[in-house]
Novice: 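Got a structure here, written out as structure tokens. Questions coming.
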Amino acid sequence: MPKVKVNDRTVEVPPGTSAMDAIFHAGYDVPLFCAERHLSPTGSCRMCLVKAGAPRKGPDGEWITDESGEIKIFWFPKLMASCTLAVSDGMVIDTLSDEVRHAQSGMVELTLANHPLDCPTCDKGGACDLQDRAYEYGLDEKFYTGPTGEPVYTRYEFTKRHVDKHHPLSEFIILDRERCIHCKRCVRYFEEIPGDQVLDFIERAVHTFIGTADEGLPSNFSGNITDICPVGALLDRVARFRGRNWEFEQTPSVSVDDASGQYIWIDARSGRIERIRARENPELNDIWISDAARFGHEWADMDRITTPLVRKGDALEPATWEEALAAMRRGLEDVDRTRIGLLLPGDATLEEGMAAAALASQFGTGYLDFEGRTAVPATNFPAATFASVLEADYILVLGDPTEELPIAHVWIHKRLRGVKMPQRLNHGTPVADLAIREHTPPDGSLLGAFAPHPTRVMEWAASRGVFAPGQAAAFLAAFEAALAGREPEEAAGVSPEAVKRAAESWKSAERRVLFVGAEVLMDVKAAQLAEKIAKSQGAVVFAMTPAANARGLEAMGVWPAGDARAPRAVFTAAEDPAADLLEMADFHVFHVPRLNDKVRRYADVVLPAKTPYEKRGTLLNVENRLVGLEPAHVRAGEAEGLVQALALFASAAGVEPPLRFVRQARARFLDRYKVNLDRLDPYGTIWRPRVSLAPRPLSQEGNLYLKPSMWKARHRLGEAAGRALGVLELAAHPETALAEGLDEGAVLEVETPAGALSARLVFDAGLPAGWFYLPAGVPAMRLPFRALVPRGGEAS
Amino acid sequence: MSEGPITSGHDPRFTPTLFAHVGKPNSWTLDYYLSHGGYQVAEAVLKGKQPDEVVEEVKKSGLRGRGGAGFPTGVKWSFMPKDGQQHYLIANADESEPASFKDRYIMEDDPHQLIEGMIIGGYAIAATKGYIYIRGEYRKAYDRLVGAIKEAYERGYLGKNLFGSGFDFDLYVHRGAGAYICGEETALMNSLEGLRANPRMKPPFPAQSGLYGKPTTINNIESLASVVHIMQRGADWFAQMGTERSKGTKLFQVSGPARRPGVYELPMGTPFRELIYDWAGGPTEPIKAFIPGGSSTPLLPFTDEYLDLPMDYESLVAANSSLGTGGVVLIPESVCIVDAMWNLIRFYAHESCGKCTPCREGVSGWLPQLFEKFESGKATREDLKTMEDLLDQIEGRSFCPLADAAVWPIRGALRHFRDEFLHHIEHGTCAVKSGPRWR
Amino acid sequence: MGFFDDKQEWLAEVFAQYPEDRRRSALMPLLRRVQQEEGYVDFERMKEIAALVGTTATEVAGVMSFYSYYQGLPTGKYHIQVCRTLSCKLAGSDELWHTLSERLGILPGEVTADGRFSLQAVECLGSCHTGPVIQINDEHYVERVTKARLEALLEGLMQDKPLEEVRRSLPDEDKMGKATIELEGGEPS
Ligand SMILES: Cc1cc2nc3c(=O)[nH]c(=O)nc-3n(C[C@H](O)[C@H](O)[C@H](O)COP(=O)(O)O)c2cc1C
Ligand code: SF4
Ligand code: FES
């Protein structure tokens, strides 16, 4: 490995390391604005100039020496941008000399030349790279003095560039063009990470500014630019003016918005969540999170239930916990315990799942279930880690990762761009990774993508196709036939050629990764075929479950048992249970954070619940990685955790609660599985549970397809998300819609399990005929299309 | 002076080649070209020489790139890998440096010469595809090129299996749209790929990963045209002209108040005096300074000392300037140097790509504002110091040489005509009175 | 209807110049075609081009705005581009510019009321020995625009004669466009 001398320290770094990373690795500092982890280095801000030189070998293969016999260093004639300079063996780097400091202070001066002086009203204040460097270099008395020796604060006396200061790029992001220092991080980010080129420089020279011609920054990953903007040019509009950086309490936690468990920071102030930011996890989400994870938090502060509620006639009235307990006792008095149903949300933690499963077995009830459960257990599939995507020779996607498991979209894009897992140095992820190259188009030959509707990753894939909803099994059968060398049939809309091409690539690959979405997982036949193909071919699988903690809950035994008879009483921590379940029972206890129509209609007792932002607990993500939730400081009245609520419910039902506290659950977990949930690895701990659960088919019929969407129903409650997502779009092939007498633009009320939703009809000729697609924020599901055109809702 | 070959009376070894046919009727047609021995060199090379031999011959000739930097062409070609991948050859016809207009006439009046040069170059570096990146404004040159390429395809001088040698060569023309930076080779490739024309990081160098990520060589039009004659007459013929390290003939340009402004093909090392007086007919009004090699090169006083400088790379470096593209501009006595420099700075400010801080904020932002202050008579001695500091902070610190190119002419002006800047400071006006110049 | 709907053959020809998976290279030729025919490139056209070359409207806007040739706002039938860089300046392009601006009564970005003219100052056109130089639309240069030649030029354009015809009929036109230009008189003015 090349040895590099940085000032007085010599370090060894892998070949190809940038001088900048060698400097950090050696424990020295170098200023920078444009370099950023995971993005291509571009050397554009010129802040990181250093003096560098290297020895040379003579014709004899020996190092050339100077008069005194020392190895001679040939200095580069100019100062070099350390972010774009690759180290070589024997390189010498100087970051401390006057020459270097002078050049760097000059670059700060130039960077500030057109930068406004509005730090006091800038949300980035206190967390701003430019502010820090301005303090460090700004008043450089050594270099800039006036005629009589007094320090010169600035020699820039001209009118600064005046451009758009409050320019909303979307509902989520606001741009201050005066503050922009043209580091291009955001532009490179969009191109290189999600591959959505929705932001670019416009104009050139000193007039260059950031802009978009794609309204609303259409991307599931727009928010990350607010994290990486080194100044206050791009700000989180949801969090804008909500507090100064030093006022936030920052809690490291994980997002439950999908099954990846992205690492997040929860920034709270005065008991309210103000902002979610990405938290680095190089194995999981790097420094990126989906927009749903970032901007979808507003519901957690809205209309919270702060005390227990008990039904009095038509109304739910505030009550004490004692009153609630008494009400539950009364309600459960005559109920056979084996007829009590327990329903958890898909993001219930492992600990909560353990408590629920223990209680169900004490009750002897078979009705134990969770929201977003799939027909076939996700734990049946050999799980893959995200890192393995980068090693894959072929990736086959059956579903829509961009919506179902957003961060997977990023990993797939990385793979197609040829990005490798970065080496980790003393300072962590390299800041300027020279292996990453700007403008590398994705290599579609590594990807096959098939789904019941056109998806974003399909645009990259060399083999692709759309099969009709419910036809996943038919597609997989055709794929299996092609693998076996038989001629595949036309698979529900996908051409045999596309199937064959995908099968060819799959066969010739050594390392295969399969993504299966809810469409496959909800269909026993399709899921079993996928499982068989994966296992026989040694492929690893991402089962993109709608439930964030599907695997954890399955591992704890949260799964309906053989004799799940119709429950007479229901305890539900899921906010939106199916109406038929509620109809079956006479007594309903809800443990939820907020009221909704179903709670109002069915609940007999309501216990105030914590949101996932307030919990301590563990999730088992799609990779079988245990990741830990930490509670942020959110004011939520008397809200309690699910373990406690279940314990109370147990007492009400007259049984000894098997678990009362998360702590106990963790002790039991340690005891059983020898994994300490209090001490997970910083990036999560891989844990592969042995689970054997029988498939439980879900009823699916009809021609309305609930399309997966990363935005869940509760996200839409938030002001910003609600505005950004607007009216739901009901999509259909024009012929299909016209056959129903519906014209483009018509506004309809559509019946869904989550109630009647209002949606506007759009035509999409790329969709299979015969189907209506609604991104309802509930798992991929088929049900009868029942719609109502409200008065005045016809197409305009 | 009348039309016809332009020859040097001062160097008997010199024969005009590049411009031998410029200005002749129908010189741009294939028939004309063939009747003057056209494509015979390419045929001989493709049939009779190995690619390596071509590279060696060009190396031996000492040809240095005519795009401004003067890097030896043969050496550049030898960087191309031997890997069986798709390689590309790009002819750089962006020619946007103020005071340069030589390549234009090769394309307008002798486009087949360029095509033949590209066939030979493509063969030497195993590039089966070539692009001519031509600045968008050169409409006439574009029309002539497109016509010539069409003719060449029709008669088998482009396309598959040229001269039965098994070598294929396809050639396309891509038009720019008004951006000086597109002459910088990596920005050019971005532009050709449909991206914003910001320069790319080097390494990787184009020969490793250039256009579409494939090994690529970018050459100036004149460089490529020169190759035809080197291969025809031999490296020795080329190398005997010129000076020790600057060989062969080159196209020089004269603009500004001269009697016969234009392009002249002369041997390297010809003194400025000969170009300006003997060829361009001398100035039409008193001159105080001249730009020796295009707007990026530091200007020099119009004195005997500098007029006697030989036009070669080394002599100009020794004079703290540069030969650049060989574009001479005469600056008359009656024009204020500060004013002239402001004009150039405004050019660079307009053309900065905006990628890097020193160029965007310094060249494009701060420097013009300082010049405006000089122009409006409000500048102080402090401003002069600030300007010099600023030049220090820009030069050698930018991402690509455009910012340096903006700094150099001002450096020359401050070195030789500092008093005109001081005059602006002390009197608030130009040192000279400039009358109307439009006739 | 899309601008390119009836230009499929031309499109195919343009795309054929570049590797199959590099359609984006056709971005500039497509922009130029719209600019030539419509005098500017509006948002709808940007979206159309984006779809054709497989990118976003944002990227098209980014590229388009980088170059001085493409216009985002309508231009006149004759978009007059005046070179203002040093050699042309030494030949009087400042005065030429002011004359034009005053005569036509427009500033950069404006179009004359009859829709005939718009003006743009551009940088070095690469015809430094025949300054001052102007270019109208995407046509061949009009070189050494002396006062007399400007008069004749404007007159021709006012009558909407074909541009090339006007250009060729300007006084002294046959002396233009040569590698070497001899100045008559040539004495200091
Ligand atoms: C800002 C800038 C503008 C340039 N413009 C041109 C140009 O217009 N024509 C040209 O041939 N080379 C130009 N060059 C030089 C090219 O980058 C490149 O070195 C040259 O085309 C190589 O050809 P050669 O080796 O034959 O000289 C420019 C360089 C820079 C930095
Ligand atoms: S010096 Fe910087 S801003 Fe200027 S053209 Fe080069 S890269 Fe662009
Ligand atoms: S140039 Fe910006 S960090 Fe190196």
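Letters A, B, ... mirror the listed sequences (proteins, then strands); counts begin at 1. The shown structure was predicted, so the numbers you read here are calculated from the model rather than taken from an experiment.
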Novice: Looking at S364(B), G396(B), P204(B), G213(B), which makes the most heavy-atom pairs under 4.5 Å with chain A?
Specialist: S364(B)
Novice: Does atom CZ of R56(A) have more than 12 heavy-atom neighbours from other groups under 6.0 Å away?
Specialist: no
Novice: Side chain of Q393(B), backbone of S105(A): donor and acceptor closer than 3.5 Å?
Specialist: no
Novice: Around atom NZ of K160(A), are there more than 12 heavy atoms from other residues, nucleotides or ligands closer than 6.0 Å?
Specialist: yes
Novice: Of the backbone (N, CA, C, O) and the side chain (C-beta and beyond), which part of K202(B) lies under 4.5 Å from a heavy atom of chain A, both, or neither?
Specialist: neither
Novice: Heavy-atom pairs under 4.5 Å with chain A - which of S398(B), G362(B), A197(B), C400(B) has more of them than the others?
Specialist: S398(B)
Novice: Where do A349(B) and A205(A) come nearest, in terms of heavy atoms and distance?
Specialist: O-CB, 3.3 Å
Novice: If you compare all heavy atoms of L110(A) against all heavy atoms of W366(B), which two are closest, and at what distance to 0.1 Å?
Specialist: CD2-CE3, 3.8 Å
Novice: Using a cut-off of under 4.5 Å on heavy-atom pairs, state which of D392(B), N198(B), L370(B) scores highest against chain A.
Specialist: L370(B)
Novice: Using non-hydrogen atoms and a 4.5 Å limit, figure out which bit of D383(B) sits close to chain A: side chain, backbone, both or neither.
Specialist: side chain
Novice: Can you tell if the side chain of D200(A) reaches within under 4.5 Å of the side chain of R196(B), non-hydrogen atoms only?
Specialist: yes
Novice: Please tell me if the side chains of M201(B) and E438(A) come closer than 4.5 Å, counting only heavy atoms from C-beta onward.
Specialist: no
Novice: Check each atom of I181(A) against the heavy atoms of chain B and say whether the ones under 4.5 Å are side chain, backbone, both or neither.
Specialist: backbone
Novice: Measure across F399(B) and T42(A) and return the closest heavy-atom pair with its distance rounded to 0.1 Å.
Specialist: CE1-O, 3.0 Å
Novice: Heavy-atom distances under 4.5 Å only: say whether E372(B) touches chain A with side chain, backbone, both or neither.
Specialist: neither
Novice: Compare all side-chain heavy atoms of H182(A) with those of R360(B) and state whether any distance is below 4.5 angstrom.
Specialist: yes
Novice: Set out, in order, the CA-CA distance, both residues' side-chain angles and the distance that settles side-chain contact (heavy atoms from CB on, under 4.5 Å) for R397(B) and L79(A), then state yes or no.
Specialist: CA-CA 7 Å; R397(B) 311 244 157 109; L79(A) 297 182; 3.9 Å; yes
Novice: What closest approach, in Å, do V206(A) and G365(B) show between heavy atoms, and which atom pair accounts for it?
Specialist: CG2-CA, 3.9 Å
Novice: Would you mind reporting whether S209(B) and R437(A) have side-chain heavy atoms less than 4.5 Å apart?
Specialist: yes
Novice: When rounded to the nearest 0.5 angstrom, what is the spacing between OG1 in T357(B) and CZ in R46(A)?
Specialist: 8.5 Å
Novice: Just by distance, do the side chain of S44(A) and the backbone of C356(B) share a donor-acceptor pair under 3.5 Å?
Specialist: no
Novice: Please determine whether a side-chain nitrogen of the Lys or Arg among E361(B) and R161(A) lies less than 4.0 Å from a carboxylate oxygen of the Asp or Glu.
Specialist: yes
Novice: Below 4.5 Å from any heavy atom of chain B, which atoms of H207(A) appear? Answer side chain, backbone, both or neither.
Specialist: neither
Novice: Thinking salt bridges, do K78(A) and E395(B) make one under a 4.0 Å N-O criterion?
Specialist: no
Novice: Looking at R245(B), I'd like to know if its CZ atom is crowded, meaning that more than 12 non-hydrogen atoms belonging to other residues, nucleotides or ligands lie closer than 6.0 Å.
Specialist: no
Novice: How close do H350(B) and R204(A) get, heavy atom to heavy atom, and via which atoms?
Specialist: O-NE, 3.0 Å
Novice: Go through the atoms of L112(A) and report whether side chain, backbone, both or neither lie under 4.5 Å from a heavy atom of chain B.
Specialist: neither
Novice: Of the backbone (N, CA, C, O) and the side chain (C-beta and beyond), which part of P368(B) lies under 4.5 Å from a heavy atom of chain A, both, or neither?
Specialist: neither
Novice: For chain A, which residues of residues 175-191 of chain B have at least one non-hydrogen atom nearer than 4.5 Å to it?
Specialist: G178(B), A179(B), N190(B)
Novice: T159(A) and Q369(B): which non-hydrogen atoms are nearest, and at how many Å?
Specialist: O-NE2, 3.7 Å
Novice: Mind checking whether K355(B) and K184(A) have side chains closer than 4.5 Å, heavy atoms only?
Specialist: no
